[in-house]
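First the structure, in the form of structure tokens, and then the observations on it.
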Amino acid sequence: MNGTSGDILVDVRGLCFSRGERVIFDGVDLQIRRGQVSAIMGPSGTGKTTLLRLIGGQLRPDAGTVHVEGRDVHAMSHRELYALRRRMGMLFQSGALFTHQSVFENVAFPLREHADLPEPVLRDLVLMKLEAVGLRGARDMMPGELSGGMARRVALARAVVLDPMMILYDEPFAGQDPISMGTLVSLIRLMNDTLSLSSVIVSHDVVETSQIADEVFVLSEGRVVESGSPAELAQSESAWVQQFFNALPDGPVPFHYPAPSLGDDLLGPRP
Amino acid sequence: MMGLFAGLGRRTIDSFGRLGRGTMFLLRALAGMPGLLLRPGLVMQQLYAIGVLSLLIIMVSGTFVGMVLALQGYNTLVTFGAEQSLGVLVALSLLRELGPVVTALLFGGRAGSALTAEIGLMKTTEQLSSMEMMAVDPMRRIIAPRLLAGFLAMPLLAAIFSFLGIMGAHVVSTAALGVDDGAFWSQMQAAVDFREDVMNGVIKSLVFGFVASWIAVYEGYDAVPTSEGVSRATTRTVVHTSLAVLGLDFVLTAVMFG
Ligand SMILES: Nc1ncnc2c1ncn2[C@@H]1O[C@H](COP(=O)(O)OP(=O)(O)OP(=O)(O)O)[C@@H](O)[C@H]1O
Ligand SMILES: [Mg+2]
């Protein structure tokens, strides 16, 4: 591979995707570089989770391609896709912990499935990951007994336990108090740099994400409307970005899901 | 009128579509089964959940069905003076019909519905998706062991059902109805054919176990990932299992004994 394409890990080109009538992506292009923390931001419902699922090969695009390490994810065989996923970690927005297993077993799950480790080694690895998210003491609890924020941190520990080459975080900061938020922010950056991973963060938290992201992509209405380093974006003239970064209620980014005007809905003819 | 036909046509097409998807699903699950040889623990866990936890209801029902059969059969046989053949009547009814059929119906209601709800909820809460993203194929890790455990458990449960049914009938016949203990067993031994009766019953229970487990895991996997979706899938499991078992029982009986 040559110099420029060599450090592009995920290459999304001309991606189109619809759910029924609703067009979610209409020609998304973005390149995620190896070794960086990239952030995907955008208003709720723009399809950030959908984008992660497309990258992970769980959904098929209507048009366009997603290449990871130069290979088309949607042209891979089942076996190749699973081999790729083994090196990818994903934190689900809902956490998606296995409810019938304890916190410890949840984090141990990928290791038990993929690595044939002696039990003491496995235990140490799991406890180290739990320590990193501050939940070593919660190892024997069941997912049903955790708070939302704790469950998400357990899911984070599980997503990174195999030391993947790329981690996709769907809303890692949602539901965290300021202290765990700060810890998580530095943890994500630290893991990225010390383990030389690549990280993709989906988030609404402009401040936290700006602290750690090398590059930010702003999604709106099915396209990438702006991209660049957080500093560049803060300077951006674009009205979209200004609105999003400064949390202004008015601007080109609609707060509302597409709908007829409120006046028409309330005062128009009743069905 | 046209609407009626159109509706009927659409439902037929839908059913065939489901059957096709269900078959594809079954093939994928079966492809995951050889891998289970390396991980017998996964199947053991499910055998416990599906088989061992169904034991109580199967044992109690089997005993009662046998006892009722003895009472009812006695009333009919005694009018012909043939009450000493009660053992034959009970054994044949249980081995050929009631054992496999009633066990399969109970299996659908007890274990099948639980399987559907469990898998459906795993889907709803994205546990299956997250497993896929951890490069663990839910087909192999979740579906295949459950399906295999269902296949294995059902014939064993049916055998236990028939056995306890005969024992229950024996107790009622000898203790309450005055049937001779020796006649009960010797007539049964003389009249029950191993291949014709016992094996055909076993084949039935294998078929029913296969169909009931298939329906249960497929409905769970195919459930719409919402609370109503899972609830509907669970109902469908019980209804479809019952219909499939009764329908297949007719076909198998016609082929085997017709
Ligand atoms: N299973 C589904 N069926 C139909 N539409 C869906 C489905 N899942 C998501 N959508 C639609 O796809 C769009 C994008 O959803 P997605 O979950 O990707 O948004 P998001 O950007 O992650 O939002 P949030 O920040 O709130 O998590 C939404 O408009 C949603 O209505
Ligand atoms: Mg989302």
Side-chain angles (χ1 to χ4, degrees), chain A residues 49-50 52-59 73 76-101 105-116 143-144 151-152 154-162 164-170 200, chain B residues 24-25 27-50 53 114-146 149 220-221 223-227 229-230:
Chain A
T49 301
T50 310
L52 292 189
R53 283 180 183 273
L54 283 160
I55 294 176
Q58 288 197 312
L59 293 174
V73 173
M76 286 184 184
S77 70
H78 186 76
R79 189 181 295 266
E80 290 168 324
L81 184 61
Y82 272 71
L84 173 67
R85 284 179 183 166
R86 208 178 275 213
R87 300 189 298 126
M88 249 159 53
M90 178 153 167
L91 171 68
F92 276 69
Q93 194 164 6
S94 63
L97 295 176
F98 303 131
T99 45
H100 62 286
Q101 291 180 329
E105 284 303 320
N106 262 285
V107 180
F109 181 85
L111 290 171
R112 290 202 198 282
E113 292 294 322
H114 294 308
D116 198 9
R152 189 173 282 280
V154 174
L156 180 65
R158 185 178 69 176
V160 301
V161 75
L162 282 177
M165 55 113 187
M166 169 167 79
I167 310 183
L168 309 171
Y169 301 94
D170 198 348
V200 179
Chain B
M24 289 305 298
F25 168 87
L27 293 178
R28 283 169 58 207
L30 291 176
M33 283 196 185
L36 292 175
L37 287 175
L38 298 175
R39 307 190 55 183
L42 287 179
V43 185
M44 287 298 164
Q45 267 172 18
Q46 293 309 319
L47 270 177
Y48 178 78
I50 294 172
L53 295 183
L115 276 179
T116 306
E118 184 191 22
I119 297 172
L121 274 173
M122 290 183 94
K123 180 177 183 186
T124 307
T125 53
E126 295 192 309
Q127 295 181 46
L128 297 183
S129 281
S130 71
M131 210 175 261
E132 276 178 18
M133 286 306 298
M134 285 184 259
V136 176
D137 189 347
M139 245 16 210
R140 285 158 200 264
R141 183 64 174 69
I142 299 292
I143 304 295
R146 283 166 174 72
Y221 193 78
V224 177
T226 58
S227 334
V230 174

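Below, read A as the first sequence line, B as the second, and so on, with proteins coming before strands; counting in each chain starts at 1.
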Taking only residues two or more places apart in sequence, or in another chain, which ones meet B:Y221 in a ring pair (Phe, Tyr, Trp, His ring centres under 6.0 Å)?
-> B:F25

Pick whichever of A:L162, A:L81, A:T99 has the most heavy-atom pairs under 4.5 Å with chain B.
-> A:T99

By a 4.5 Å heavy-atom criterion (distance strictly below it), what part of A:F98 contacts chain B: side chain, backbone, both, or neither?
-> both

Calculate, to the nearest 0.5 Å, the distance between atoms OG1 and CG belonging to A:T50 and A:D170 respectively.
-> 9.0 Å

In terms of heavy-atom pairs under 4.5 Å with chain B, the winner among A:R87, A:R158, A:E113 is A:E113

From A:R112 CZ over to A:Q101 CD, what is the distance, rounded to the nearest 0.5 angstrom?
-> 8.5 Å

State whether the side chain of A:Q58 and the backbone N or O of B:S129 hold a donor-acceptor pair below 3.5 Å, judged by distance alone.
-> yes

Contacts of type side chain to side chain donor-acceptor pair (under 3.5 Å), residue B:T124, not counting sequence neighbours = none

Considering residues at least two apart in sequence or located in another chain, which fulfil the side chain to side chain donor-acceptor pair (under 3.5 Å) criterion with A:E80?
-> A:R71, A:S77

Criterion side-chain contact (heavy atoms from CB on, under 4.5 Å) on A:I167 and A:M90, from CA distance to verdict = CA-CA 6 Å; A:I167 310 183; A:M90 178 153 167; over 6 Å; no

Just wondering, do B:R141 and A:F109 contact through their side chains at under 4.5 Å, heavy atoms?
-> yes

Where does A:L91 contact chain B at under 4.5 Å (heavy atoms): side chain, backbone, both or neither?
-> neither

Among residues 32-48 of chain B, residues within the sub-4.5 Å heavy-atom range of chain A, in order of number, are B:R39

Using a cut-off of under 4.5 Å on heavy-atom pairs, state which of A:R53, A:M88, A:Q93 scores highest against chain B.
-> A:R53

